[in-house]
Amino acid sequence: MKKLVQDFEVLHKEELNDGTFVIDVKASAPLPDIKPGQFVNVLVENAANTFLRRPLSIHFVDYEKNIIKLYIKKIGEGTTKLGELLLGDKLNIVFPLGNQYSIPKNSKTLLIGGGCGVAPLLYLAKHLKDAGNEVTTILGVRSAYDAVELDPYKQYGRIFVTTEDGSIGEKGYPTQHSVLNEKFDYTFTCGPEPMMKAVATYSKSKNIPCEVSLENTMACGFGACLCCVTDTKRGNICTCTEGPVFNINELKW
Amino acid sequence: MKKLVQDFEVLHKEELNDGTFVIDVKASAPLPDIKPGQFVNVLVENAANTFLRRPLSIHFVDYEKNIIKLYIKKIGEGTTKLGELLLGDKLNIVFPLGNQYSIPKNSKTLLIGGGCGVAPLLYLAKHLKDAGNEVTTILGVRSAYDAVELDPYKQYGRIFVTTEDGSIGEKGYPTQHSVLNEKFDYTFTCGPEPMMKAVATYSKSKNIPCEVSLENTMACGFGACLCCVTDTKRGNICTCTEGPVFNINELKW
Amino acid sequence: MVNLEVKLKDLILKNPVMTASGTFGYGEEFEDFIDISQLGGILVKGTTRHHREGNPYPRMAETPSGMLNAVGLQNKGVEYFCDNIYPRINHYNTNILVNVSGSVIEDYVETAAMINELDKIPAIELNISCPNVKEGGMAFGTSCASAASVVREVRKVYKKHLMVKLSPNVTDITEIAKAVEEEGADSVSLINTLLGMAIDSETRKPLLSTVTGGLSGPCVKPVALRMVWQVFNAVNIPIVGLGGIMNAKDAIEFILAGASAIQIGTANFIDPQITVKVVEGIKEYMIRHQVENVTDLIGAIKTQ
Amino acid sequence: MVNLEVKLKDLILKNPVMTASGTFGYGEEFEDFIDISQLGGILVKGTTRHHREGNPYPRMAETPSGMLNAVGLQNKGVEYFCDNIYPRINHYNTNILVNVSGSVIEDYVETAAMINELDKIPAIELNISCPNVKEGGMAFGTSCASAASVVREVRKVYKKHLMVKLSPNVTDITEIAKAVEEEGADSVSLINTLLGMAIDSETRKPLLSTVTGGLSGPCVKPVALRMVWQVFNAVNIPIVGLGGIMNAKDAIEFILAGASAIQIGTANFIDPQITVKVVEGIKEYMIRHQVENVTDLIGAIKTQ
Ligand SMILES: Cc1cc2nc3c(=O)[nH]c(=O)nc-3n(C[C@H](O)[C@H](O)[C@H](O)COP(=O)(O)OP(=O)(O)OC[C@H]3O[C@@H](n4cnc5c(N)ncnc54)[C@H](O)[C@@H]3O)c2cc1C
Ligand SMILES: Cc1cc2nc3c(=O)[nH]c(=O)nc-3n(C[C@H](O)[C@H](O)[C@H](O)COP(=O)(O)OP(=O)(O)OC[C@H]3O[C@@H](n4cnc5c(N)ncnc54)[C@H](O)[C@@H]3O)c2cc1C
Ligand SMILES: Cc1cc2nc3c(=O)[nH]c(=O)nc-3n(C[C@H](O)[C@H](O)[C@H](O)COP(=O)(O)O)c2cc1C
Ligand SMILES: Cc1cc2nc3c(=O)[nH]c(=O)nc-3n(C[C@H](O)[C@H](O)[C@H](O)COP(=O)(O)O)c2cc1C
Ligand code: FES
Ligand code: FES
């Protein structure tokens with residue numbers, strides 16, 4: 001998979017609650033094959049204090065329209081400036097980066113996301129369904145107000161929500177959802193580390209494979225700087241090339 | 001004259017030719033007394049490589065509308081970003097800075113400007129006329145295409161143009177204009193140094209007072225850094241506080 | 001209520017925020033913008049034994065997240081300061097410190113002795129680190145022996161708080177810090193500017209008349225912070241930290257690294273009200289983090 | 001046609017643009033983005049006698065116009081390089097230089113000796129300036145005696161072009177440069193990273209696992225440029241300049257200050273195609289300024 005650096009055009013932007021937004025960016029050339037779990041590294045222009053690119057998961061890919069969707073939470077200057085992009089603005093992107101979630105066949109798969117960790121799960125859900133899997137997704141948010149759009153997930157399987165205040169869905173964390181009582185063959189997760197660790201514990205207790213997507217501080221995103229290491233059983237390895245998706249067996253969790 | 005630091009609002013922007021534009025910024029509080037020849041120091045936000053403020057002459061002041069007009073030529077990142085400001089954007093400004101042109105009474109005054117050196121002359125023309133002087137202004141531009149709006153000057157006196165290619169007005173530099181054959185009591189100039197030096201030479205030959213407005217690199221704009229010195233007959237003195245307007249007799253020209 | 005008071009030995013600051021010499025004029029330049037009595041202290045311009053014209057123009061170049069200057073200690077000399085400037089500013093209800101610079105030891109000593117007589121000046125900052133003067137200046141700050149000797153001689157005539165400003169242009173700043181502590185410095189301030197250079201590729205000329213000059217602003221912050229932390233682990237006298245502080249967050253970082261007080265320099269040019277904003281910001285941080293005394297933050301970085 | 005060829009003594013570069021060690025992997029990471037044969041040379045990752053795991057995460061912090069890193073020379077050791085990596089990359093039609101690092105002199109010597117046997121490696125860059133290793137590393141580059149001794153020993157076993165990479169964390173870089181020239185270095189490259197530090201004021205923790213790390217990026221450019229100019233005026237061997245080069249204009253500035261060639265580091269992370277863009281930009285500059293040979297620009301700054 002050849003990595004590219006390209007200018008994309010901002011085609012659509014949708015503000016969600018809680019400072020998150022979804023942005024559609026259009027490539028000028030046909031998109032290469034992009035795998036679920038991969039990410040892009042975007043250049044934030046016009047930002048006095050954002051020197052390095054910002055890594056963002058690929059939320060969805062529309063090959064027909066040549067569009068990549070990004071799901072972004074504003075947390076600092078870089079993501080805030082991205083939120084200020086106007087339709088028609090250009091965005092320089094290095095992509096596709098990283099490895100991918102594995103895609104089993106004809107299995108019962110469980111996807112658990114929290115915060116902006118929901119980003120890669122939509123595209124993953126599509127690939128899982130395409131490979132004949134049954135897809136169950138649980139997204140954890142703080143309250144109804146923060147709820148993300150659930151419709152897109154519905155076409156690939158079942159979707160559940162947990163809220164910390166119980167305002168919609170089940171009250172609690174996604175790892176406490178009652179659907180976890182069912183039997184699954186695989187779990188896939190992305191979100192805050194404590195949540196992912198809870199998913200890992202759950203999966204270990206059920207003895208099913210679990211893949212997590214790690215976030216850490218990256219300077220390049222394509223294996224050149226060695227800044228993004230994760231301490232694995234094989235030693236320090238790069239999250240940007242050998243991750244961001246790891247089977248929990250590889251990690252020292 | 002108390003110096004202030006304030007947020008202004010961009011109220012109007014007009015693109016002229018040759019990469020110059022005039023921008024109207026509105027103060028939130030009534031403007032203090034501003035003298036012709038004074039300048040502002042503006043903060044350029046969202047610019048990765050513009051660390052310091054940018055000094056700009058005060059082009060005009062409308063006390064009724066609480067507006068300062070700036071006349072800006074895009075030459076680097078800072079001025080280009082200013083050109084990208086949208087109506088309603090805020091602009092943080094330190095003002096009013098510097099000394100001022102002297103205002104004689106009931107005299108024949110000649111104003112010569114070139115490039116973005118025309119900026120302070122409009123407001124000067126108004127003050128000169130208000131004090132009963134006869135005002136003659138010559139603006140030098142490269143060609144008709146670059147010509148600035150002349151109408152505003154007309155209300156304060158005579159206005160002439162020179163173009164380097166002769167496409168409008170007289171062909172040549174403003175210091176070669178035929179109106180210089182008339183007799184004047186005072187000259188005031190702002191623009192490229194070679195032009196100001198030519199005006200100085202002309203004024204000396206006619207034995208009339210001449211005031212020039214100097215540009216140089218400034219870090220603060222209000223006398224704190226001592227970076228902006230001009231080598232005068234009195235030694236190194238700050239252009240931002242004891243200038244930008246100097247009588248040529250003070251300079252080592 | 002949070003308590004912002006800090007002590008540099010005998011010198012009491014109502015809060016840890018001071019201004020950096022050469023960036024705050026004599027305070028007067030900022031009277032329109034802020035109430036100077038709200039600051040912990042101000043450092044006035046580098047003062048020398050005799051009048052200095054400074055370096056020729058151009059003296060300044062903008063650089064990525066910073067600037068170079070080559071002012072070269074332009075000032076009217078210590079006598080002019082004592083006779084003309086001091087009477088004008090000694091009413092400020094804050095600590096006024098004079099930054100004393102020189103090119104030979106006698107200059108430092110004579111200047112310090114004269115300032116010692118000024119009632120309302122509780123301290124001097126000995127600038128052994130200015131990169132912008134031909135002889136002396138930085139040279140004193142770049143070897144232990146010469147740093148020690150200038151401090152030793154000044155200490156003999158200067159009876160109040162003696163702060164020594166260190167140069168970052170050295171292999172091991174802790175050695176210099178220890179040397180000046182040994183000679184009786186009451187505190188150290190760091191960092192002065194890093195020696196840098198800028199070139200205009202179009203004209204092929206240096207952007208400063210002196211070719212090289214002093215680098216300041218946020219670009220130097222990581223180096224400054226490292227040096228404060230190193231010196232904090234090496235000496236027992238209080239440290240005043242500076243270099244690239246642009247906001248309260250930066251100021252807190254210096255305090256956590258070991259600074260008892262901080263100075264704000266270049267940021268004054270960009271926001272002439274920044275000093276009082278930083279005082280406010282430190283207060284807010286303390287309230288948010290439930291820190292009662294700002295002194296609890298000094299050196300409180302958790303490195304384990 | 002403009003001529004971009006430069007010679008570092010016997011080492012011929014088709015143009016002055018090289019990559020900085022530790023920022024360009026083994027070149028392979030950039031094959032998708034650029035044609036590596038268009039570069040004057042590439043510096044591969046810091047290579048040591050034995051496998052190194054490097055420092056624990058976190059190893060990186062963004063700073064104003066720059067970044068800190070604390071990678072700590074993670075690499076699989078020189079034997080792995082010779083056996084596994086070298087065969088994979090030795091087809092590149094450019095100069096491949098190996099950055100040799102170590103903590104004791106014997107490591108440097110043994111590593112250099114092994115690389116000496118590799119046909120397609122015309123030169124090594126001796127890294128006596130890495131701030132990210134506990135023992136050795138930078139220490140060698142911060143005193144004339146130790147810099148000289150490591151160069152002397154390596155010179156005995158290494159027969160090709162020996163470039164020595166200098167540390168900026170010194171009082172006088174010209175002395176170190178002269179010391180390594182004296183011992184037979186064929187060229188010097190500068191600067192390595194400045195030692196810096198960053199703190200998260202919210203957690204009160206350092207942002208790097210090692211507390212301090214190496215600062216790079218445009219923030220260091222004024223310091224790097226100054227050092228290149230100082231060293232240019234002090235030694236007779238060619239200089240490779242680096243530190244904060246983000247575009248062709250920056251590269252030209254280093255060449256004007258005295259660099260025969262330049263290296264691009266951190267900028268590769270932000271634009272993986274930057275190196276070939278800089279080659280193009282230098283060409284355009286030469287055409288615009290009617291400079292026939294890029295060598296005419298070396299040290300061509302007009303300081304009078
Ligand atoms: C592989 C990968 C995929 C990602 N996918 C997404 C995504 O799809 N959507 C999304 O919104 N975000 C995603 N992130 C996180 C995103 O990159 C950061 O939020 C962004 O870089 C923050 O930039 P900023 O300038 O807004 O904030 P900054 O000003 O850089 O940071 C603000 C605060 O957040 C902390 N912080 C910043 N980045 C990280 C990080 N990576 N890990 C932990 N703390 C951090 C900083 O220390 C600081 O305290 C991803 C990160 C990685 C590594
Ligand atoms: C008192 C004063 C009043 C001014 N009034 C006006 C005005 O009314 N309208 C206007 O358009 N401009 C005016 N200027 C000039 C204006 O400040 C500069 O054009 C601006 O700072 C350039 O910023 P930039 O970021 O666009 O360019 P930069 O990227 O900073 O510079 C681009 C190029 O221009 C050169 N340059 C920048 N500033 C100066 C300068 N001051 N003198 C000489 N060369 C310079 C740089 O060296 C560089 O080569 C004034 C300057 C001063 C000191
Ligand atoms: C324009 C200018 C003039 C300076 N003059 C002096 C001086 O006279 N004496 C001195 O000790 N330091 C002087 N400095 C250094 C500052 O006091 C301070 O050490 C340095 O700028 C780093 O802090 P900053 O990054 O907050 O500016 C000067 C700095 C600047 C930018
Ligand atoms: C992530 C990273 C890793 C580095 N690793 C090495 C190294 O292994 N050996 C070395 O000599 N320099 C290393 N350096 C220093 C660079 O080669 C270069 O000297 C420095 O970054 C300054 O150049 P720049 O500002 O263009 O990045 C590293 C720098 C970075 C940012
Ligand atoms: S971010 Fe550079 S190697 Fe992973
Ligand atoms: S610009 Fe700072 S004193 Fe004039």
Side-chain angles (χ1 to χ4, degrees), chain C residues 61 63-68 131 142-143 167-172 176 194-206 211-215 217-230 244 246 248-257 285 288-289 297 300-304, chain D residues 61 63-68 141-143 167-172 176 194-206 211-215 217-230 244 246 248-257 285 288-289 297 300-304:
Chain C
T63 63
S65 296
M67 61 177 275
L68 288 164
T142 55
S143 96
S167 170
N169 301 294
V170 294
T171 307
D172 185 352
I176 315 277
L194 277 167
L195 193 61
M197 173 171 171
I199 298 176
D200 182 336
S201 58
E202 291 301 310
T203 61
R204 299 189 200 167
K205 285 191 194 151
V211 186
T212 62
L215 185 65
C219 55
V220 309
K221 194 184 77 168
V223 173
L225 215 46
R226 179 262 295 184
M227 289 185 166
V228 165
W229 184 70
Q230 288 180 319
M246 298 298 283
K249 192 176 156 296
D250 294 337
I252 304 275
E253 289 170 19
F254 276 88
I255 296 171
L256 291 171
Y285 176 94
R288 193 155 49 81
H289 287 264
L297 294 172
I301 180 185
K302 302 172 209 154
T303 51
Q304 300 307 336
Chain D
T63 64
S65 297
M67 62 177 275
L68 287 164
T142 56
S143 97
S167 170
N169 301 294
V170 294
T171 306
D172 186 352
I176 314 278
L194 276 167
L195 193 61
M197 173 172 172
I199 298 176
D200 182 335
S201 59
E202 291 301 309
T203 61
R204 299 191 200 166
K205 285 191 193 150
V211 186
T212 61
L215 185 66
C219 56
V220 309
K221 194 184 78 169
V223 173
L225 216 44
R226 179 261 295 184
M227 289 183 166
V228 166
W229 184 71
Q230 287 180 319
M246 298 298 283
K249 192 177 155 296
D250 294 338
I252 302 276
E253 290 169 20
F254 275 87
I255 296 171
L256 290 170
Y285 176 93
R288 192 155 50 80
H289 286 267
L297 293 172
I301 181 183
K302 303 173 207 152
T303 52
Q304 300 307 336

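None of these values were measured; they are calculated from a predicted model. Chain letters run A, B, ... following the sequence lines, proteins first and then strands; every chain starts at 1.
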Is there side-chain contact between D:N169 and C:R226, with at least one heavy-atom pair below 4.5 Å? yes

So how far is it from C:L194 CG to D:C219 SG, rounded to the nearest 0.5 Å? 10.5 Å

Least distance between heavy atoms, C:S65 atom then D:S65 atom: OG-OG, 2.5 Å

Could you tell me which portion of D:I252 (side chain, backbone, both or neither) has an atom closer than 4.5 angstrom to a non-hydrogen atom of chain C? side chain

So for C:Q230, is it side chain, backbone, both, or neither that comes closer than 4.5 Å to the heavy atoms of chain D? side chain

Heavy-atom check, side chain of C:L215 versus side chain of D:V223, under 4.5 Å: yes

Go through C:E202 and D:R288 one step at a time and tell me if the side-chain contact (heavy atoms from CB on, under 4.5 Å) criterion holds. CA-CA 10 Å; C:E202 291 301 310; D:R288 192 155 50 80; 2.8 Å; yes

C:K249 vs D:S201 side-chain heavy atoms within contact, under 4.5 Å: yes

Heavy atoms of C:L225 and D:A198 approach each other most closely as CD2-CA, 4.2 Å

For the interface with chain C, which of D:G66, D:G196, D:P222, D:P168 has the highest count of heavy-atom pairs at distances below 4.5 Å? D:P222

Salt-bridge test for C:R204 and D:E253: reply yes if a basic N is under 4.0 Å from a carboxylate O, no otherwise. no

Partner chain D: residue of C:A300, C:G244, C:P218 with the largest heavy-atom pair count (under 4.5 Å): C:P218

Ignoring hydrogens and geometry beyond distance, is a side-chain donor-acceptor pair present between D:T171 and C:T171 at under 3.5 Å? yes

Apply side-chain contact (heavy atoms from CB on, under 4.5 Å) to the pair D:K205 and C:L256, showing each step before the final yes or no. CA-CA 9 Å; D:K205 285 191 193 150; C:L256 291 171; over 6 Å; no

Contact class of C:V211 relative to chain D, heavy atoms under 4.5 angstrom: side chain

So which part of C:T63 gets closer than 4.5 Å to some heavy atom of chain D, the side chain, the backbone, both or neither? side chain

Could you tell me which portion of C:Y285 (side chain, backbone, both or neither) has an atom closer than 4.5 angstrom to a non-hydrogen atom of chain D? side chain

With a 4.5 angstrom heavy-atom cut-off, could you sort out which part of C:A257 is near chain D: side chain, backbone, both or neither? both

Which atoms of D:L297 are under 4.5 Å from chain C, going by heavy atoms: the side chain, the backbone, both sets, or neither? side chain

Please tell me if the side chains of C:W229 and D:T212 come closer than 4.5 Å, counting only heavy atoms from C-beta onward. yes

